[in-house]
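Structure first, commentary second.
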Amino acid sequence: MATPARTPRLRAWMLEGLTDRPGQHAQTGTAHEGRPWWRVMCLTGLDYFSTLGYQPGIAALAAGLLSPLATIVLVVLTLFGALPVYRRVAEESPHGEGSIAMLERLLSFWKGKLFVLTLLGFAATDFLITITLSAADATAHLVENPHLTSTLHGHEVPITLLMIALLGAVFLKGFSEAIGVAVVLVATYLGLNVVVVAVGLWQVATEPHVVADWTQALTAEHGNPFMMIAIALVVFPKLALGLSGFETGVAVMPHVHGDPDDTGARPAGRIRGTKKLLTTAAVIMSVFLICSSFVTTLLIPADEFKAGGEANGRALAYLAHEHLGSAFGTVYDVSTILILWFAGSSAMAGLLNLMPRYLPRYGMAPHWARALRPMVIVFTLVAFLVTWLFDADVDAQGGAYATGVLVLITSAAVAVTIAAKRAGERGWTIGFGIISAVFVYTTAVNVVERPDGVKIGACFIAGIMALSLLSRLARVFELRVTHVELDDMARRFVRDTANRTIRFIANEPDRRDKAEYRDKVEQIREDNDIPPGDDVLFVEVTVLDPSEFESGLKVRGEVLHDRYRVLTLESSTVPNALAALLLHVRDETGQRPHIYFEWTEGNPMANFLRFFLFGQGEVAPVTREVIRAAEPDRARRPHVHAG
């Protein structure tokens, strides 16, 4: 007997705050809600700063002795490329939608939706691989600790799955304390890294032969400085993981505290705070990237960076153990493990902010996709699958991660270039255009050298598109009109007919001349035996963007040829607009209205596809089906006639 009561409680808990997802207050709350920018920086910094756990090792593998020089190229691109781009994105899209929303506005109809779904596929690649790669690297740091290697080695996959499950549990419980935890983790981790890097720099300074040996090896291997610079420019795309964090920084933007006079349309305080967040994070990370790359390249033997080496994926942890002792090294490992594990929280927040903004609005996800907890479960299960497929291997996931990061940054660069051009800012247009070209090159090189990344991204895209289209098919008969508004003339028409039978004639507008309406009335009266004296109202729907799923309905009344009363509607689909109008008239007048159709000629399947893709097609049966789905009580449904 307890089970039925428990089930509704579980459902209520799962769907609690159905529209209260991260970032929702950007639309419905006041713009000055949130937390100080530096605290939110720690949230996005979980993703960005945690890359120090593996970035120096990746740089050493990719560039060898040229790692510090290639890292400097990456830092220049960060500070003078990605940072200006995302500061502009924060201005143009201050509610966390990111560059995807900017590009969405450039395209309409289905091509716009498919383009957005493609970008969402790469965003999902970026954020989900952030969760799985960070958890896998946290596992690597745990397993490679000298005190635990013998016990945990060979159990990397279950440990990684456990970490992802714990992260999901945090979000199922709630996210209110996540920023506070992030501040502690980031402050501790960066403090420990300051110690490790400082000791490494001191070691280099007190042993001059280290620098001499490095420069001598560089000269012997690469020749003159110009050749070194050229090679560094070629190999730096392999270091693209060091650019992560910018898209996440914009995604969590709704959490940034604004000014008291901020408005939803223009939250100037939030924008200013987000710019500080992005700039401060980029500067801090740039300093750490250069210093960590320098000390790890000079102090760690090259073979230790390779697969199986003690510095593989954990270069700074290697230095911590080597130069500061096992106790400090273990503390550093614990800090690294915690920040890498919790780095997935910023990615999860990005997913929970981004996906529900688009897929349900497109009709390409169930209604419950707007709720936080069901989506947490979905993303956690997908992360399980990715971890299992990649065997919790950090290196194997690097290509997909870099591809997702670079595609999103490239799309952001293109978006701000277009925005600057439309604003007539010639200087910024040229500057952003150059940055876009650099990122296009970087992305292309990464795709050529690491095609597995784009293949994985393509799998995410194909999965999102397939599930989206299936969801849209499943929801095809939903009443998708959010509200109905009648102008004064339309309201008068309905009021005048409310004291007798309300009859509508669905008409596809053509020439709209007198003969069209006269012939239509005669045909409908003859087909349906409507008495000659009964009034009729014409209803005409103009389809605007058939790819839109939900929209409001505005009804305008007009008298044509001094005789025919016509209600004109604009909507994404004809059947949904008609069904919404009929139900609205029923609720307003208390009468069940009648609507009359002609049967549509042609193949029923072809007509259904016309309805699915273009909002037209087999109108009469679809209108009736939409009404049936919206009104379970048969006695209250409006009448639908077809002849």
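We use all heavy atoms of the structure for the numbers below, so side chains are in, but hydrogens, waters and symmetry mates are not.
Between atom CG of residue Leu351 and atom CE of residue Met375 there is a gap of 8.0 Å, rounded to the nearest 0.5 Å. Atom CD in Glu92 sits 9.0 Å away from atom CD1 in Ile271 (nearest 0.5 Å). One distance of note links OG1 of Thr296 with CG of Leu316; it measures 6.5 Å at 0.5 Å rounding. In this structure, CH2 on Trp388 lies 11.0 Å from CG on Leu161, to the nearest 0.5 angstrom. If you take CZ on Phe288 and OG on Ser293, they are separated by 14.0 Å, rounding to the nearest 0.5 Å. To the nearest 0.5 Å, atom CD1 of residue Ile430 and atom CD1 of residue Ile435 are 12.0 Å apart.
More than 12 heavy atoms of other residues, nucleotides or ligands lie within 6.0 Å of CD in Glu207, so this atom counts as buried by the packing criterion. Other residues, nucleotides and ligands contribute at most 12 non-hydrogen atoms within 6.0 Å of the CH2 atom of Trp428.
Shortest non-hydrogen contact noted between Trp37 and Gly273 is CB-O, 3.3 Å. Heavy-atom minimum distance, Arg87 versus Leu278: N-CD1, 4.0 Å. Listed here is the closest heavy atom pair of Thr297 and Gly64: CG2-O, 3.9 Å. In plain terms, the two heavy atoms of Leu65 and Ala217 that are nearest each other are CD1-CB, 3.5 Å. Across every non-hydrogen atom of Ser50 and Leu340, the tightest pair is O-CD2, 3.4 Å. Closest approach of Leu277 to Val256, counting heavy atoms only: CD1-CG2, 4.2 Å.
Side-chain contact between Met285 and Leu52 is present, with at least one heavy-atom pair separated by less than 4.5 Å. Using a 4.5 Å heavy-atom threshold, the side chains of Ser411 and Phe122 count as separate. Residues Arg314 and Asp333 are in side-chain contact: their nearest non-hydrogen atoms beyond the backbone lie under 4.5 Å apart. Using a 4.5 Å heavy-atom cutoff, the side chains of Leu167 and Phe342 are in contact. Looking at heavy atoms from C-beta onward, Phe328 lies in side-chain contact with Val195 at the 4.5 angstrom threshold. With a 4.5 Å cut-off on side-chain heavy atoms, Cys42 and Phe49 do not count as touching. A 4.5 Å side-chain heavy-atom check between Thr403 and Thr125 finds every atom pair outside the cut-off. When side chains are defined from C-beta on, Tyr189 does not count as touching Leu338, because their heavy atoms never get closer than 4.5 Å.
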Worksheet item: For Cys291 and Val295, what are the C-alpha separation, side-chain angles and deciding distance, and is it a side chain to side chain contact (heavy atoms under 4.5 Å, CB included)?
Response: CA-CA 6 Å; Cys291 293; Val295 298; 5.6 Å; no
Worksheet item: Yes or no on side chain to side chain contact (heavy atoms under 4.5 Å, CB included) for Ile337 and Met163, after CA distance, side-chain angles and deciding distance?
Response: CA-CA 10 Å; Ile337 290 165; Met163 289 189 175; 3.8 Å; yes
Practice prompt. Mind running side chain to side chain contact (heavy atoms under 4.5 Å, CB included) on Tyr48 and Ile284 for me, showing each step along the way?
Written response: CA-CA 10 Å; Tyr48 199 18; Ile284 292 174; over 6 Å; no
Worksheet item: Would Leu299 and Val210 satisfy side chain to side chain contact (heavy atoms under 4.5 Å, CB included), going step by step from the backbone distance to the final call?
Response: CA-CA 8 Å; Leu299 297 178; Val210 173; 4.2 Å; yes
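At least one donor-acceptor pair closer than 3.5 Å links the side chain of Glu304 to the backbone N or O of Glu310. Proximity of a side-chain donor or acceptor of Thr206 to a complementary backbone N or O of Gln203 within less than 3.5 Å is detected. At distances below 3.5 Å, at least one donor-acceptor pair connects side-chain atoms of Thr215 with backbone N or O atoms of Ala212. Thr132 places no side-chain N or O within 3.5 Å of a backbone atom of Ala383 that could act as its donor or acceptor partner.
Within the structure, the salt bridge (Lys or Arg N to Asp or Glu O under 4.0 Å) test picks out the following pairs touching residues 274-300 (sequence neighbours left out): Glu91-Lys275.
For the residue pair Thr387 / Thr160, no side-chain donor-acceptor distance below 3.5 Å is found, with atom types taken as modelled. Remark: the Ser335 side chain and the Thr188 side chain contain no N/O donor-acceptor pair separated by less than 3.5 Å. A donor and an acceptor atom, one from each side chain of Ser286 and Thr78, are nowhere located under 3.5 Å apart.
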